[in-house]
S.K.: 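Attaching a single structure in structure tokens format; questions to follow.
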Amino acid sequence: MGAMETGGVEAFVTPGEILGKGSSLRAGRGTYVASHNQTVYASLSGRRSIIPASADAPDQRPTVQVIGHKAHGPVPEPGSIVIARVTKVMAKSASADIFCVGPKSVSEKFTGIIRQQDVRATEIDKVEMHLSFHPGDIVRAVVLSLGDARAYYLSTAKNELGVVSAESVAGATMVPISWTEMQCPLTGQVEQRKVAKSSSSLST
């Protein structure tokens, strides 16, 4: 057996990948045995690890398991509502770091991109990115799809999506005063944003 018993051998596997023969391995979490050929396969994407049997176990086969991303926290999927922090605003898009999927915090880094056409539902051609988001803004968005290079395309085109929290130049948390404006409580200065409607902030 040699290498199989080292417990620390980790490799990244994807669903359907062969992990070994059922005669020499037990199927742990994230794996399954196909009865027709007694072969152990991965049932999810993640890291494969081999756990040696304890010395007194009646079955001395080591257990193979796959610990998937899901075990480490949620993963954005099309239709997921996410909370993200805007990192960069460009002419046609804004990028953001996703830190919550639904109510749960993520444990790895996911990048989101909000394209100009996905900022709002009306007058799409008139959207100006720098009047919709600023770096540091916290936005609520919905995942449209997995885009390129591990970035998710996000949309804020519904009333309840958009900037939920923003800091003014003076460093204060701004208060939404309309769909497109937030005001600094310290200086009274108004800044443009694509504001997310919440029952508490906007009565209209």
Side-chain angles (χ1 to χ4, degrees), residues 1-88 93-115 118 135-158 160-161 164-165:
M1 291 286 285
M4 291 296 270
E5 285 164 359
T6 53
V9 182
E10 285 204 352
F12 193 80
V13 295
T14 52
E17 206 163 307
I18 294 176
L19 303 175
K21 281 280 182 201
S23 52
S24 58
L25 281 176
R26 296 177 61 191
R29 57 196 269 203
T31 72
Y32 65 94
V33 180
S35 53
H36 65 280
N37 60 4
Q38 289 303 307
T39 299
V40 184
Y41 295 90
S43 63
L44 45 87
S45 297
R47 301 220 161 270
R48 179 198 69 188
S49 60
I50 310 279
I51 301 150
S54 58
D56 55 355
D59 186 339
Q60 279 296 298
R61 291 177 302 168
T63 299
V64 63
Q65 65 175 13
V66 177
I67 305 296
H69 287 318
K70 295 268 196 287
H72 297 302
V75 173
E77 291 168 334
S80 304
I81 296 291
V82 298
I83 304 292
R85 181 179 285 105
V86 176
T87 52
K88 195 169 164 193
S93 65
S95 37
D97 288 339
I98 296 169
F99 60 90
C100 282
V101 176
K104 296 186 174 151
S105 303
V106 298
S107 51
E108 27 183 335
K109 190 178 170 186
F110 296 110
T111 303
I113 293 174
I114 305 167
R115 295 169 297 182
D118 300 322
D137 286 358
I138 308 299
V139 294
R140 184 190 300 124
V142 63
V143 178
L144 294 176
S145 64
L146 177 52
D148 317 321
R150 283 190 59 87
Y152 291 82
Y153 286 136
L154 307 179
S155 167
T156 55
K158 289 191 177 141
E160 67 274 17
L161 305 176
V164 289
S165 176

S.K.: Could you check whether any side-chain heavy atom of K21 comes within less than 4.5 Å of a side-chain heavy atom of V40, counting everything from C-beta outward?
M.R.: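 No, their side chains stay 4.5 Å or more apart.
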S.K.: Could you work out, with ring pair (Phe, Tyr, Trp, His ring centres under 6.0 Å) as the rule, every residue matching Y32, not counting sequence neighbours?
M.R.: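 Testing Y32 for ring pair (Phe, Tyr, Trp, His ring centres under 6.0 Å), a comparison that skips the adjacent residues, returns Y41.
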S.K.: What is the minimum heavy-atom distance between V66 and A42, and which atoms define it?
M.R.: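 Closest approach of V66 to A42, heavy atoms only: CG2-CB, 4.0 Å.
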S.K.: Within the side chain of R140, is there an N or O that forms a donor-acceptor pair under 3.5 Å with the backbone of E160?
M.R.: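 Yes; at least one donor-acceptor contact below 3.5 Å.
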S.K.: What distance do I98 atom CD1 and T111 atom OG1 have between them, rounded to the nearest 0.5 Å?
M.R.: 7.5 Å
S.K.: Y152 and P76: which non-hydrogen atoms are nearest, and at how many Å?
M.R.: CE2-O, 3.3 Å
S.K.: Decide yes or no for R48 and L19: does some side-chain heavy atom of the first lie under 4.5 Å from some side-chain heavy atom of the second?
M.R.: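 Yes; the side chains approach each other to less than 4.5 Å.
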S.K.: Return the minimal non-hydrogen interatomic distance between S24 and P62, and the atom names on each side.
M.R.: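 Minimum heavy-atom contact is O-CD, 3.4 Å.
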S.K.: Indicate yes or no for a side-chain donor-acceptor contact from S43 to the backbone of G30 under 3.5 Å, with no hydrogens or angles considered.
M.R.: yes
S.K.: If we count only N and O atoms by modelled type, under 3.5 Å, do the side chains of E77 and S80 hold a donor and an acceptor together?
M.R.: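 No, because no side-chain N or O of E77 sits under 3.5 Å from a partner of the opposite role on S80.
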S.K.: Applying side chain to side chain contact (heavy atoms under 4.5 Å, CB included), run through I83 and I138 and close with a yes or a no.
M.R.: CA-CA 7 Å; I83 304 292; I138 308 299; 3.5 Å; yes
S.K.: Go through the structure and list residues passing salt bridge (Lys or Arg N to Asp or Glu O under 4.0 Å) with R115, not counting sequence neighbours.
M.R.: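 Salt bridge (Lys or Arg N to Asp or Glu O under 4.0 Å) check on R115 returns D118.
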S.K.: Can you tell me how far apart CD1 (I18) and CG (N37) are? Round to the nearest 0.5 Å.
M.R.: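 Reported value, rounded in 0.5 Å steps: 7.5 Å.
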S.K.: May I ask you to test the V143-L154 pair for a side-chain heavy-atom distance under 4.5 Å?
M.R.: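 A side-chain contact exists here, since the closest heavy-atom pair is under 4.5 Å.
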S.K.: Within this structure, what is the CD1-OG distance for the pair I114 and S155, rounded to the nearest 0.5 Å?
M.R.: 8.5 Å
S.K.: May I ask you to decide if A34's main-chain N or O and T39's side chain share a donor-acceptor pair within less than 3.5 Å?
M.R.: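 Judged by distance alone, no pair lies under 3.5 Å.
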S.K.: From R85 CZ over to D97 CG, what is the distance, rounded to the nearest 0.5 angstrom?
M.R.: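 Taking CZ in R85 and CG in D97, the distance rounds to 7.5 Å.
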S.K.: Side chain of Q60, backbone of S54: donor and acceptor closer than 3.5 Å?
M.R.: yes
S.K.: Can you see which heavy atom on P74 is nearest to which on S105, and at what distance?
M.R.: CD-O, 3.2 Å
S.K.: Could you note down all residue pairs passing salt bridge (charged side-chain N to carboxylate O under 4.0 Å, His left out) where residues 59-68 supplies at least one of them, sequence neighbours left out?
M.R.: R26-D59, D59-R61
S.K.: Any side-chain heavy atom of V33 within less than 4.5 Å of one from L25?
M.R.: no
S.K.: Which heavy atom of A96 sits nearest a heavy atom of A84, and at what distance?
M.R.: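 Between these two residues, the closest heavy atoms are CB-CB, 3.7 Å.
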